[in-house]
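Each remark here refers to the structure printed beneath this line.
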Amino acid sequence: EQLHQAQPQNVNFKNGLAVAYYKLGQHQQDHGEGVPAALSHYQQAAKLWSELVQDAPQFAEFQRNHEFIQNRIAELAKK
């Protein structure tokens, strides 16, 4: 998070932070720490990937990650 704050326009830092939030959410979901905690981290990842899709549309990976996390959030919201 500190790297992203120091250079908020760096897409690598922003993507790395989004991946970290996703993995935290996945860990919480897999280890029974609760859907609300996992959902919060997934939403943070989604926000960052949404910004990346807008800021760097040439990277298809960001679009795929954003769509994936949106689906994950929708699945959790049903629980």
Side-chain angles (χ1 to χ4, degrees):
E1 200 165 304
Q2 291 175 350
L3 290 173
H4 172 62
Q5 288 175 355
Q7 295 183 30
Q9 298 307 317
N10 186 314
V11 296
N12 290 322
F13 292 160
K14 190 179 278 193
N15 185 55
L17 183 57
V19 169
Y21 280 132
Y22 163 70
K23 288 185 178 190
L24 279 170
Q26 186 177 31
H27 176 79
Q28 290 173 324
Q29 187 178 359
D30 292 346
H31 292 90
E33 295 179 34
V35 169
L39 192 56
S40 173
H41 284 108
Y42 289 154
Q43 289 169 335
Q44 289 174 302
K47 179 183 180 296
L48 291 169
W49 276 321
S50 176
E51 292 172 8
L52 284 166
V53 166
Q54 291 177 4
D55 296 343
Q58 68 274 23
F59 293 104
E61 175 187 354
F62 300 153
Q63 180 65 42
R64 285 191 302 270
N65 289 345
H66 186 251
E67 289 173 6
F68 172 81
I69 202 70
Q70 291 293 64
N71 289 335
R72 181 66 61 99
I73 290 169
E75 289 172 13
L76 281 183
K78 293 178 185 177
K79 293 183 179 184

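Index from 1, following the sequence.
- Of all heavy-atom pairs spanning Q44 and Y21, the tightest one is OE1-CE2, 3.3 Å.
- Closest of all the heavy-atom pairs between A38 and G25 is CB-O, 3.3 Å.
- If you take CH2 on W49 and CG on L17, they are separated by 10.0 Å, rounding to the nearest 0.5 Å.
- The shortest heavy-atom contact between A18 and A45 is O-CB, 3.4 Å.
- Here CD of Q29 is found 13.0 Å from CG of L24. Values are rounded to the nearest 0.5 Å.
- Closest of all the heavy-atom pairs between V53 and Q63 is CG1-OE1, 3.2 Å.
- Checking side-chain atoms of Y22 against main-chain N and O of A46 turns up no donor-acceptor pair under 3.5 Å.
- Note: H66 NE2 to E51 CD = 9.5 Å, rounded to the nearest 0.5 Å.
- With rounding to the nearest 0.5 Å, the separation of OG in S40 from CD1 in I73 is 10.0 Å.
- With values rounded to the nearest 0.5 angstrom, E67 atom CD is found 15.0 Å from R72 atom CZ.
- Of the inter-residue distances, the one linking R64 atom CZ with I69 atom CD1 reads 15.0 Å to the nearest 0.5 angstrom.
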Practice prompt. Decide yes or no on side chain to side chain contact (heavy atoms under 4.5 Å, CB included) for F59 and L52, but give the supporting numbers first.
Written response: CA-CA 9 Å; F59 293 104; L52 284 166; over 6 Å; no

